[in-house]
Novice: 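My structure is below; once you've seen it, I'll send some questions.
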Amino acid sequence: MRAYDVVIIGAGPAGLAAGLYAGRARLNTLIVEREKDGGQIVITNEIENYPGCVEEETGPSLIERMVKQTRDFGVEKVLDTIVDVSLDGDIKILKGQHDTYSAKAVIIAAGAHPVPIGCKGEREFSGKGVSYCATCDAAFFEDFEVYVVGGGDSAVEEALYLTKFARKVTIIHRRDELRAAKSIQEKAFANDKIAFLWDCVVEEISGDGLVESMTVKNTKTGQTTEIRADEEDGTFGIFVFIGFQPNSALFKGKVAMNERGYIVTDPDMKTNIPGVFAAGDIREKSLRQVVTAAADGAIAAVQAGKYIEAQE
Ligand code: NAP
């Protein structure tokens with residue numbers, strides 16, 4: 001078992017900021033990440049709202065610098081998936097697939113993941129025309145048609161990004177009004193590559209190997225329409241951006257959560273369990289952005305330091 005002062009679960013902006021502050025406070029700190037560093041931000045092509053970000057900042061470029069900062073402060077990082085946690089005692093135990101870790105304080109910064117549509121064929125065609133990441137998959141649809149499902153900031157921003165590749169981008173939204181910020185909406189309405197399919201939900205996705213057609217249903221009239229790929233193209237893309245769910249299943253029954261599974265904290269990022277803090281998108285909060293995740297991480301690390309000091 002490897003013993004630390006602080007173990008941080010997740011290497012997104014919240015976990016990396018927590019690592020930076022914990023490392024700077026000379027706490028013996030480990031960040032455990034199950035996939036790629038950066039969390040959802042690495043699937044974001046353009047960052048223009050993180051204070052001080054450089055021109056043409058991308059998710060990966062910002063994360064790369066954050067990772068370097070934590071490394072420079074001596075924070076360890078490991079690729080492992082935590083499968084069980086015991087958080088009640090003074091020493092917290094985190095069991096990973098590869099190793100077991102102990103910590104005096106734990107910061108949960110495991111983030112959130114995209115919500116699937118839940119329609120027939122979605123899972124089958126995931127990676128075969130259905131995508132949850134425009135940055136990752138837009139290039140596959142150079143000069144093809146794509147559909148974007150959703151009406152929030154993500155859907156509309158990613159639709160704008162997709163216009164750089166696809167010849168036409170149609171936003172399918174379940175209402176007749178976008179949820180996205182007005183400034184983002186204005187850009188979409190002014191872009192002549194973007195069309196809208198209002199009051200519609202996707203009911204079924206089908207094809208032979210690749211997506212070839214989808215059935216959409218009008219939420220007001222109940223009428224269903226089949227959208228088929230252009231004959232020459234043979235396929236089209238479906239990019240899904242209909243919100244997120246917290247990656248909190250592991251902590252269910254162990255840390256207090258709201259009804260949607262977001263971990264409840266006080267303003268100091270303290271959960272209901274002493275020595276356990278939560279930061280970033282996994283936490284119940286009103287604004288989930290890189291800047292708020294980073295701020296949460298900083299607060300959580302400082303409070304974890306104070307908690308450890310008080311225990312000694
Ligand atoms: P969101 O704001 O929750 O929007 C989700 C969209 O998907 C809504 O338009 C919603 O429709 C629709 N939707 C939800 N469930 C659906 C379903 N089952 N079928 C069809 N449509 C469905 O999610 P988001 O756009 O991913 O953004 C998440 C958070 O990140 C937000 O706080 C957002 O402001 C923030 N964000 C900010 C930026 C930025 O500032 N640059 C960029 C990306 C994200 P309704 O509108 O009808 O509910």
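Only heavy atoms go into these numbers, but all of them, side chains included; no hydrogens, no water, no symmetry mates. In each ligand, atom 1 is the first atom listed, and ligand 1 is the first ligand listed.
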Novice: Within 45° of the axis and under 6.0 Å from the centre of the six-membered ring of Phe277, does NZ or CZ of Arg283 qualify?
Specialist: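 The answer is no, since Arg283 fails at least one limit relative to Phe277.
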Novice: Run the salt bridge (Lys or Arg N to Asp or Glu O under 4.0 Å) test on Arg65 and Glu57 for me, step by step, so that the C-alpha distance in whole Å, both residues' side-chain angles and the decisive distance to 0.1 Å come before the verdict.
Specialist: CA-CA 11 Å; Arg65 297 203 306 281; Glu57 186 85 271; 2.8 Å; yes
Novice: Does Ile238 belong to the same Ile/Leu/Val/Met/Phe/Trp/Tyr cluster as Val146, with side-chain heavy atoms less than 4.5 Å apart forming each link?
Specialist: no
Novice: Determine whether any heavy atom of Glu48 lies closer than 4.0 Å to an atom of ligand 1.
Specialist: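 So Glu48 does not count as touching ligand 1.
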Novice: Can you report which non-hydrogen protein atom sits closest to atom 36 (N) of ligand 1, along with the distance?
Specialist: Gln289 NE2, 3.3 Å
Novice: Under 6.0 Å between ring centres, would you say that holds for Phe141 and Phe239?
Specialist: yes
Novice: Given the protein's heavy atoms, is any one of them under 4.0 Å from atom 22 (C) of ligand 1?
Specialist: yes
Novice: For atom 31 (C) of ligand 1, what is the nearest protein heavy atom, given as residue, atom name and distance?
Specialist: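 Closest protein heavy atom to atom 31 (C) of ligand 1: Asp153 OD2, 4.7 Å.
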Novice: Hey, looking at atom 2 (O) of ligand 1, which of Lys285, Glu158, Arg179 has the closest heavy atom?
Specialist: Arg179
Novice: Would you mind running through ligand 1 and noting each atom that sits below 4.0 Å from a heavy atom of Glu157?
Specialist: 39 (C), 41 (N), 42 (C)
Novice: Between Tyr262 and Asp281, do the side chains contain a donor N or O and an acceptor N or O under 3.5 Å apart?
Specialist: no
Novice: Nearest protein heavy-atom contact for atom 7 (O) of ligand 1: which residue, which atom, what distance?
Specialist: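 Looking at atom 7 (O) of ligand 1, the protein heavy atom closest to it is Ile242 CA, 3.2 Å.
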Novice: Return yes or no for this condition: an N or O of Gly151 is under 3.5 Å from an N or O of ligand 1.
Specialist: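 Yes - when backbone and side-chain N and O of Gly151 are compared with those of ligand 1, one distance drops under 3.5 Å.
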Novice: May I ask you to list the atoms of ligand 1 that are less than 4.0 angstrom from any heavy atom of Gly243?
Specialist: 5 (C), 23 (O), 26 (O)
Novice: Please find out if less than 6.0 Å separates the ring center of Phe241 from that of Tyr132.
Specialist: no
Novice: Quick check: Phe165 with Tyr161 (ring centres under 6.0 Å apart)?
Specialist: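 Yes, ring centres under 6.0 Å apart.
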Novice: State, without any angle test, whether Thr70 and Lys77 hold a side-chain donor-acceptor pair at a distance under 3.5 Å.
Specialist: no
Novice: Quick test: of every protein heavy atom, which one is nearest to atom 30 (O) of ligand 1, and how far off is it to 0.1 Å?
Specialist: Arg288 O, 3.8 Å
Novice: Just need the protein heavy atom nearest to atom 16 (C) of ligand 1, so name the residue and atom and give the distance.
Specialist: Arg174 NH1, 3.4 Å
Novice: Would you say that Ile41 contacts Ile47 through its side chain, given a criterion of any heavy-atom pair below 4.5 Å between the two side chains?
Specialist: yes
Novice: Does only the side chain of Arg175 get under 4.0 Å from ligand 1, or the backbone, or both, or neither? Count heavy atoms.
Specialist: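 Only the side chain of Arg175 comes within reach of ligand 1.
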Novice: Between the side chains of Ser213 and Ser206, does any donor sit under 3.5 Å from an acceptor?
Specialist: yes
Novice: Judged by non-hydrogen atoms, does His173 sit under 4.0 Å from ligand 1?
Specialist: yes
Novice: Tell me which protein heavy atom sits closest to atom 44 (C) of ligand 1, plus the residue, atom name and distance to 0.1 Å.
Specialist: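 The protein heavy atom lying closest is Ser154 OG, 3.4 Å.
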Novice: Which protein heavy atom lies closest to atom 39 (C) of ligand 1, and at what distance to 0.1 Å?
Specialist: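 Going by distance alone, atom 39 (C) of ligand 1 is nearest to Asn49 ND2, 3.6 Å.
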Novice: Strictly less than 4.0 Å: does any protein heavy-atom distance to atom 33 (C) of ligand 1 fall in that range?
Specialist: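 For atom 33 (C) of ligand 1 the answer is yes, since some protein heavy atom falls inside 4.0 Å.
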